[in-house]
Amino acid sequence: MDLLSGRKSNEIFEGQVHVYKHMYAYLDSMCLKWCIELEIPTIIYNHEKPITLHELISILQVPPSKISGVERLMRHLSHNGFFDIVTIHDDDGGDENKEKKEAYALTIASELLVKGTEYCLTPMAKCGLNPLMSSSFNLLGKWTLEKNLTLSEISLGTNLWDFLSKNPSILTSFNESMASDSQMVKLALKDHSAVFEGLESIVDVGGGNGTISKIISDMFPKLKCIVFDLPHVVENFSGTSSNNLSFVGGDMFNYIPEADVVLLKWILHDWDDEHCVKILKKCKDAISKNTKEGKAIIIDFVINEKQDEFGLTQMKLRMDIAMTSMNGKERSEEEFNKLFLEAGFQDYKIFPLTGMYSLIVVYP
Ligand SMILES: C[S@@+](CC[C@H](N)C(=O)[O-])C[C@H]1O[C@@H](n2cnc3c(N)ncnc32)[C@H](O)[C@@H]1O
Ligand SMILES: O=c1cc(-c2ccc(O)cc2)oc2c(O)c(O)ccc12
């Protein structure tokens, strides 16, 4: 077969652009990391108005030899939606000398990278872009041909949870990253508070530092929340317990504390189908028999290529590749349904949340 014969040259060059775009996509990640390391979103936020390149390099104390590097970083990030380029009137020289200048303003994406704010995704980006985590994905080819090892076992020498238990600073970064993602879910949960109404207790399985539980317990102060996670994880947070929120250490494959509702956020996507069914069976055992409100609530991505717009599916499919690190996966509704039936659940309902997540209510 004569490859590319009959193709117009402009079509072939479009193909080349497509290949190069994906080949160099890692530089998008590196520019994001660069901008976070320099804390540019926080600098612009503290500046309280759009910032000129001159002002930015002076705050950063960039040596003259690197000024063009920062200018090109800002051009790249502006082109990619992290900053708006706006025209400002510089009044340094009095009325007659008023000069028009370009300045960089925050967009929603860079507002989410301002340090210390309620919805700050910097911890997520820092952890995901830590070479220890991201370099695993250089080994996907090797992983494909290895019969039994997971990608994490090849790259980190062990499974992720064991690796984190032996590397406390990365465990802290991982927990902070998960917490920053969970904090965002608050925006979507407000519209679905009805699923938590009338409950007495909830157990947040794999709940990390309890961010989601704290959000729910603030919404429902009478609800008793248990954050359940591996013992070495919860031992870092038991000091943050309160009247209605406690931390319990254990292994979800052995036993999950009893509650009206079992919550699993970003848990099932970490595991293959066999492990998911085991987790779901333990969840079913944990759901209190003394209430008719008993259910499992799952917050995860649901792949829906037909309905979701291209960019949303692209993001979910990227996370699906990330989950190969521990033989996990992102699932479609049909794939979730199969797990629920196998674990002995009777029915489920999916509520797409604003953003990437869906909330799935599963009935025993
Ligand atoms: C991807 S994180 C999700 C954290 C949290 N639910 C969130 O979304 O912010 C998965 C969590 O599962 C916990 N985990 C892993 N294996 C576990 C096990 N066998 N029993 C209990 N928790 C476990 C991890 O420690 C981690 O906190
Ligand atoms: O964004 C991630 C990345 C990982 C990850 C990356 C590399 C490894 O060798 C292991 C894990 O894990 C994640 C995860 O478990 C999760 O629930 C959400 C996001 C990510």
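For reference, positions follow the sequence shown, starting with 1. Computed from a predicted model, the values in this text were never measured in an experiment. In listed order, ligands and their atoms are each counted from 1.
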Chemist: Assess Ser152 for proximity to ligand 2: is some non-hydrogen atom of it under 4.0 Å away?
Modeler: yes
Chemist: Which atoms from ligand 1 have a heavy atom of Phe253 less than 4.0 Å away?
Modeler: 19 (N)
Chemist: Is any side-chain N of the basic residue among Asp218 and Lys186 closer than 4.0 Å to the acidic one's carboxylate O?
Modeler: no
Chemist: Decide whether the shortest distance between a heavy atom of Thr211 and an atom of ligand 1 is less than 4.0 Å.
Modeler: no
Chemist: Counting from 1, what ligand 1 atoms have a heavy atom of Trp266 closer than 4.0 Å?
Modeler: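 Those qualifying, in numeric order: 1 (C), 3 (C), 8 (O).
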Chemist: Tell me the contacting part of Ser325 for ligand 2: side chain, backbone, both, or neither, using a 4.0 Å heavy-atom threshold, strictly below.
Modeler: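 Contact part for Ser325 vs ligand 2: side chain (C-beta onward).
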Chemist: Determine yes or no for a side-chain-to-main-chain donor-acceptor pair under 3.5 angstrom, with Thr324 supplying the side chain and Asn327 the backbone.
Modeler: no
Chemist: Flag the pair Ile360 / Phe336 as yes when at least one side-chain heavy-atom distance between them is below 4.5 Å, and no otherwise.
Modeler: yes
Chemist: Taking 4.0 angstrom as the limit and counting only heavy atoms of Met178, give me the atoms of ligand 2 inside it, by number and element.
Modeler: 16 (C), 18 (C), 19 (C)
Chemist: By number and element, which atoms of ligand 1 are closer than 4.0 Å to a non-hydrogen atom of Gly250?
Modeler: 20 (N), 21 (C)
Chemist: For Asp270, counting its heavy atoms only, list the atoms of ligand 2 lying under 4.0 Å from any of them.
Modeler: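 Those of ligand 2 that fall under 4.0 Å from Asp270 are 14 (C), 15 (O), 16 (C), 17 (O).
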Chemist: Please report the C-alpha distance between Val227 and Val248 in whole Å, then the side-chain angles of each, then the deciding distance to 0.1 Å, and finally whether the side chain to side chain contact (heavy atoms under 4.5 Å, CB included) criterion is met.
Modeler: CA-CA 6 Å; Val227 183; Val248 175; over 6 Å; no
Chemist: Should Phe253 and His275 be marked as a ring pair (Phe, Tyr, Trp, His ring centres under 6.0 Å) after you check the CA-CA gap, both sets of side-chain angles, and the distance that decides it?
Modeler: CA-CA 8 Å; Phe253 292 102; His275 283 89; 5.5 Å; yes
Chemist: Using a 4.0 Å heavy-atom cut-off, say whether Ile267 meets ligand 1 through its side chain, its backbone, both or neither.
Modeler: side chain
Chemist: Could you tell me which atoms of ligand 2, counted from 1 in the order shown, lie closer than 4.0 angstrom to a heavy atom of Met326?
Modeler: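 Counting atoms of ligand 2 from 1, those under 4.0 Å from Met326 are 11 (C), 12 (O), 14 (C), 15 (O).
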Chemist: Any heavy atom of Phe137 sitting closer than 4.0 Å to ligand 2?
Modeler: yes
Chemist: Closer than 4.0 Å to some heavy atom of Asp270 - which atoms of ligand 1 meet that?
Modeler: 1 (C), 10 (C)
Chemist: Please report whether ligand 2 has a polar contact with His269, defined as an N or O pair separated by less than 3.5 Å (distance criterion only).
Modeler: yes
Chemist: Go through Lys281 and Glu342 one step at a time and tell me if the salt bridge (Lys or Arg N to Asp or Glu O under 4.0 Å) criterion holds.
Modeler: CA-CA 9 Å; Lys281 282 185 174 164; Glu342 233 179 287; over 6 Å; no
Chemist: Using modelled atom types only, decide if a donor and an acceptor are shared between the side chain of Lys329 and the backbone of Trp271 within a distance under 3.5 Å.
Modeler: no
Chemist: In ligand 2, which numbered atoms sit nearer than 4.0 Å to a non-hydrogen atom of Ser136?
Modeler: 7 (C), 8 (C), 9 (O)
Chemist: For Asp251, which part has a heavy atom under 4.0 Å from ligand 1: side chain, backbone, both, or neither?
Modeler: both
Chemist: Please could you name the atoms of ligand 2 that Leu156 approaches to less than 4.0 Å, counting only its heavy atoms?
Modeler: 9 (O)
Chemist: May I ask whether Asp181 has any heavy atom positioned less than 4.0 angstrom from an atom of ligand 1?
Modeler: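 Under 4.0 Å: no for Asp181.
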Chemist: Checking salt bridge (Lys or Arg N to Asp or Glu O under 4.0 Å) for the pair Lys166/Asp162: CA distance, chi angles, key distance, verdict?
Modeler: CA-CA 7 Å; Lys166 292 174 182 142; Asp162 188 42; 2.7 Å; yes
Chemist: For atom 13 (C) of ligand 2, is there a protein heavy atom at a distance under 4.0 Å?
Modeler: yes
Chemist: Any carboxylate oxygen within less than 4.0 angstrom of a Lys/Arg side-chain nitrogen, looking at Lys295 and Asp260?
Modeler: no
Chemist: Start with the C-alpha distance between Lys224 and Glu200, add both sets of side-chain angles, then the distance that settles salt bridge (Lys or Arg N to Asp or Glu O under 4.0 Å), and finish with yes or no.
Modeler: CA-CA 6 Å; Lys224 181 180 160 228; Glu200 282 184 15; over 6 Å; no
Chemist: I want to confirm something. Looking only at heavy atoms, which of Pro231, Gly210, Ser182 is nearest to atom 9 (O) of ligand 1?
Modeler: Ser182
